[in-house]
There are 2 protein chains.
Amino acid sequence: MANEPAQFDAPDDPACYCRLGGVMELLSSKYAMQVLCIVNATGPTRFREIESLLGDASTSTLSARLDDLAAADLLTRTQYDGIPPRVEYDLTDDGRELAERLGPVLEWVGEREGAVGES
Amino acid sequence: MANEPAQFDAPDDPACYCRLGGVMELLSSKYAMQVLCIVNATGPTRFREIESLLGDASTSTLSARLDDLAAADLLTRTQYDGIPPRVEYDLTDDGRELAERLGPVLEWVGEREGAVGES
DNA sequence: CAGAATCCATTCGGATACTG
DNA sequence: CAGTATCCGAATGGATTCTG
């Protein structure tokens, strides 16, 4: 079983991995995939919480990313008026489906980094 | 069961989705994820084949991406001398593991685009 | 065929300062 | 707290040309 080919249901038409439209470019922008997975892990999440988890993202970049993800209907933005202001981001159904598929990718990346970069 | 939370084994520490090092930036560069999935679907693949599947990638960009992926030990590059020259790219074990996790993501993106953008 | 090299427009993302 | 607005340097990716 060590030499069995991949067991997942990959389509045999490789062309399905091309021509994927603007969503791939969105996912390729900085922190996009991380944001989706973070919100999936924490549920409704506030701006500062995401920012502090990412650690090194500037407010302008994170703000842009959240806008992009909301515009793509992957995130919702809910504003609770009051002092102090409070805004929560959550996943749409589409966003959750995507985040669930991204999870294994980021987790694998994290394990690989952790296993290699032990300096 | 429609209201059950995500069933995959997401770690409950959202911080694991941050600090992922350079691999995420590589995946965020243009065509990187597609290339991995294409090669996973087709097996050892030649430069022009990848190029023609992608359709709109310039040779310089694709070349850079293949270099990056090989440098990250996700792809191998095998050169068969002769006329005409022939080079094949294939996945390393790490590359295959990653590609298998990326497959569902790209497939979902493809279905979503196809289902929505029918104009 | 498979690229390397060069040049360049565009974009992206970070820093900073300011608003409600 | 949760951003927006502005500015700017770095990096990216495309077009083109040339090579083995």
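Each chain gets a letter, A, B and so on, in the order its sequence line appears, and its residues count up from 1.
Rounded to whole Å, the distance from CG on B/Leu69 to P on C/dG3 is 13 Å. Distance A/Leu54 CG to D/dG3 C1': 16 Å, rounded to the nearest Å. The CD-P distance, from A/Glu25 to D/dA11, rounds to 21 Å in whole Å. Counting to the nearest Å, the C1' atom of C/dC1 and the CD atom of B/Gln79 are 11 Å from each other. In this entry the distance linking CG of A/Leu66 with P of D/dC1 reads 16 Å, nearest Å. The interatomic distance linking A/Gln34 (CD) with C/dG13 (P) rounds to 11 Å, in whole Å. The distance from atom CD of A/Glu88 to atom P of D/dC1 is 14 Å, rounded to the nearest whole Å. Summarising the geometry, the separation between CD on B/Glu51 and P on C/dA4 is reported as 13 Å, rounded to the nearest angstrom.
Under the 3.5 Å distance criterion, the side-chain polar atoms of B/Arg19 are left unmatched by any main-chain donor or acceptor of B/Ala15. In this structure, A/Thr92 contributes its side chain and A/Asp73 its backbone to a donor-acceptor pair below 3.5 Å.
Residue B/Asp67 is classed as a sugar-phosphate contact, given heavy-atom separations below 4.0 Å to backbone atoms only. Residue contacts for A/Tyr80: at a heavy-atom cut-off of 4.0 Å it reaches no nucleic acid atom on any strand shown. Using a 4.0 Å heavy-atom cutoff across all strands shown, B/Thr59 reaches at least one base atom of the nucleic acid.
In this model, the phosphate group of C/dG13 is not approached by any side-chain N or O of A/Ser60 to a distance below 4.0 Å at OP1 or OP2. Listed pair A/Arg86 / D/dA2 fails the phosphate criterion, with no side-chain N or O lying under 4.0 Å from OP1 or OP2. Here A/Arg65 does not reach the OP1 or OP2 of C/dC12: none of its side-chain N or O atoms lies under 4.0 Å away. Within the structure, every side-chain polar atom (N or O) of B/Tyr31 is placed at least 4.0 Å from both OP1 and OP2 of D/dT12.
Each of B/Tyr89 and A/Ser58 lies near DNA chain C, and the nucleotide nearest B/Tyr89 is the one positioned closer to the 5' end.
Side-chain atoms of B/Thr61 and B/Ser58 include a donor-acceptor pair closer than 3.5 Å. Checking A/Ser60 against A/Ser63 by side-chain atom types alone, no donor-acceptor pair falls below 3.5 Å.
In this structure, B/Arg65 forms no cation-pi arrangement with B/Tyr31, as its terminal cationic atom is not both closer than 6.0 Å to the ring centre and no more than 45° off the ring axis.
Side chains of B/Arg77 and B/Glu88 form no contact here, defined as non-hydrogen atoms less than 4.5 Å apart.
Listed candidates were D/dA2, C/dA2, C/dG14. Nearest to the side chain of A/Phe47 is D/dA2. Checking D/dA2, C/dA15, D/dA15 against the side-chain heavy atoms of A/Val87 singles out D/dA2 as nearest. Taking only side-chain atoms of A/Lys30, from C-beta outward, the nucleotide of C/dG13, C/dG20, D/dG3 with the closest atom is C/dG13. Comparing D/dC1, D/dG20, C/dA15 against the side chain of B/Pro85 picks out D/dG20 as the nearest. The side chain of A/Arg46 approaches D/dC1 more closely than any other nucleotide in the set D/dC1, C/dG3, D/dG14. Distance from the side chain of A/Ser29 is smallest for C/dG13 among the nucleotides C/dG13, C/dT6, C/dC1. With distances taken from any side-chain atom of B/Arg48 to the nucleotides D/dA2, C/dC1, C/dG14, the minimum falls on C/dC1.
At a cut-off of 3.5 angstrom, counting only N and O atoms as typed in the model, there is no donor on one side facing an acceptor on the other between the side-chain of A/Ser63 and the base of D/dA2.
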